[in-house]
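To start, the structure under review is shown below, and the notes come after it.
Note that the structure is a prediction, hence the values are computed from the model and not measured. Numbers restart at 1 for each chain; the letters A, B, ... are given by sequence-line order, proteins then strands.
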Protein chains: 2
Amino acid sequence: MFSKTCEYAIKASIYIASQSLAQKRVGIKDIAQAIESPEAFTGKIMQVLSKNHVVASVKGPHGGFEILESAMKEKKLAEVVRAMDGDDIFKSCGLGLKECSGANPCPLHNQFAKIRADITKLLETTTLYDVATGLADGLTFLKR
Amino acid sequence: MFSKTCEYAIKASIYIASQSLAQKRVGIKDIAQAIESPEAFTGKIMQVLSKNHVVASVKGPHGGFEILESAMKEKKLAEVVRAMDGDDIFKSCGLGLKECSGANPCPLHNQFAKIRADITKLLETTTLYDVATGLADGLTFLKR
DNA sequence: ACAATAAAAGACTTTTTTATCTTTTATTAA
DNA sequence: TTAATAAAAGATAAAAAAGTCTTTTATTGT
Ligand code: FES
Ligand code: FES
């Protein structure tokens with residue numbers, strides 16, 4: 001479904017958002033521990049998320065990553081996914097045809113287009129705020 | 001969604017099924033051409049499909065691959081996917097948690113479980129015969 | 001100004017996936 | 001029984017994804 005990189009990115013974003021709700025800025029070590037990801041690799045991913053303005057980064061002592069509450073209410077999960085994996089998941093053919101189209105449909109096109117639309121809807125409508133609250137409330141988890 | 005290997009496997013199986021409907025046994029060269037896959041790699045994939053009894057193989061002159069009509073009416077796409085990618089797509093967490101469970105749900109668990117169930121239903125209910133007919137009738141395609 | 005902190009950047013390694021090439025085995029038909 | 005055909009098997013190779021390590025840059029508090 002998502003690349004490992006993208007999974008880490010989504011989890012990291014949600015974690016940062018939930019900590020930001022409590023006015024806490026978090027560092028890479030903290031993030032890696034919260035989402036069970038390799039620390040150095042997580043750093044690389046944060047660079048991408050930062051460049052794509054999914055998260056804000058602050059260098060130096062007391063630095064780290066954060067997402068303003070106003071921003072996380074706007075950011076859709078789709079933006080995180082696009083930053084890492086591009087928009088393949090939103091538009092490409094389930095059987096790998098060069099392009100997905102009703103004019104040259106693969107044998108799964110009709111059923112698959114429906115599923116892909118559901119995935120798109122989920123990612124395009126869910127904000128980081130939506131998922132961060134569940135985590136902050138202890139209803140959902142990012143590891144195990 | 002599926003690995004490249006699995007995409008090729010699904011397309012190859014559908015192609016072989018559609019040719020078998022016309023009593024035609026097909027060779028690797030033919031398959032690779034029909035689904036736009038690398039020939040040698042396709043051979044490797046066919047070995048797996050053959051071992052998993054998705055297709056029947058015949059060596060020597062006039063040999064090749066085929067699927068009996070009775071068999072293709074039983075074979076679900078899920079069996080092809082399992083042979084190549086295992087059952088990850090049917091059971092694993094969308095965010096990569098070690099196991100997907102309602103007891104330790106990731107932030108996307110509820111929505112994702114629904115989508116995964118739709119994918120499972122599609123793959124577990126669609127037979128090779130179902131998709132082979134559309135291809136044989138020129139309604140669906142395996143390349144471009 | 002300086003030491004400490006933490007992310008950014010760059011170079012590199014490992015692992016997995018995708019793909020190729022060569023040799024062997026089975027089958028067929030002349 | 002031999003030549004031709006076609007898949008199976010095995011050994012590599014190339015490319016992409018995942019992960020690590022080192023150096024640099026920015027920021028902060030003393
Ligand atoms: S053509 Fe394959 S999903 Fe649309
Ligand atoms: S726990 Fe993530 S999908 Fe179920």
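- One cannot find a donor-acceptor pair under 3.5 Å joining the base of dA7(C) and the side-chain atoms of Gln47(A).
- Across the protein-nucleic acid pair, His62(B) atom NE2 and dA26(C) atom C1' stand 15 Å apart, rounded to whole Å.
- Across all strands, Lys44(A) comes closer than 4.0 Å to base atoms (heavy-atom distances).
- One finds a side-chain N or O of Ser57(B) lying less than 4.0 angstrom from the OP1 or OP2 phosphate oxygen of dA8(D).
- Rounded to whole Å, atom P of dT18(C) lies 9 Å from atom CD1 of Ile45(B).
- Proximity of Phe2(B) to Leu123(B): side-chain heavy atoms (C-beta onward) are separated by under 4.5 Å at one or more points.
- Lys98(B) has a carboxylate O that lies under 4.0 Å from a charged side-chain N of Glu36(A), or vice versa, which qualifies the two as a salt bridge.
- Take the nearest nucleotide of DNA chain C for Lys29(A) and for Phe2(B): the residue whose nucleotide is more 5' is Lys29(A).
- For Asp88(A) and dA17(D), the CG to P distance is 10 Å, given to the nearest whole Å.
- Side-chain proximity of Lys4(B) to the nucleotides dT20(C), dT18(C), dA8(D) is greatest for dT18(C).
- Among the protein residues, Gly64(B) comes within range of the sugar-phosphate backbone only, with heavy atoms under 4.0 Å from sugar or phosphate atoms but none that close to a base.
- At a threshold of 4.0 Å, the pair Glu39(B)-Lys44(B) does not count as salt-bridged, since none of the basic side-chain nitrogens sits closer than that to a carboxylate oxygen.
- Separating the CG atom of Asp85(B) from the P atom of dT16(C) is a distance of 15 Å, rounded to the nearest angstrom.
- When rounded to the nearest whole Å, the span between CE of Met46(A) and P of dA7(C) equals 9 Å.
- Of the candidates dC21(D), dT20(C), dT5(C), dT20(C) carries the atom nearest the Pro38(B) side chain, counting heavy atoms from C-beta on.
- One can place NZ of Lys51(B) at 8 Å from C1' of dA9(D), the figure rounded to the nearest angstrom.
- Where Phe41(B) and Val58(A) meet DNA chain C, the nucleotide closest to each residue was compared, and Val58(A) sits on the side nearer the 5' end.
- Per the geometry, CG belonging to Asp30(A) stands 10 Å off P belonging to dA7(C), to the nearest Å.
- Using a 4.0 Å cut-off, some side-chain N or O of Tyr8(B) falls inside it from OP1 or OP2 of dA19(C).
- A salt bridge links Glu66(A) with Arg25(A): at least one charged nitrogen is closer than 4.0 Å to a carboxylate oxygen.
- Phosphate proximity of dA7(C) to Ser50(A): absent, as no side-chain N or O sits under 4.0 Å from OP1 or OP2.
- A salt bridge links Glu7(A) to Lys4(A): at least one charged side-chain nitrogen sits closer than 4.0 Å to a carboxylate oxygen.
- Distance Lys59(B) NZ to dA7(D) C1': 6 Å, rounded to the nearest Å.
- Using a 4.0 Å cut-off, some side-chain N or O of Thr5(A) falls inside it from OP1 or OP2 of dA18(D).
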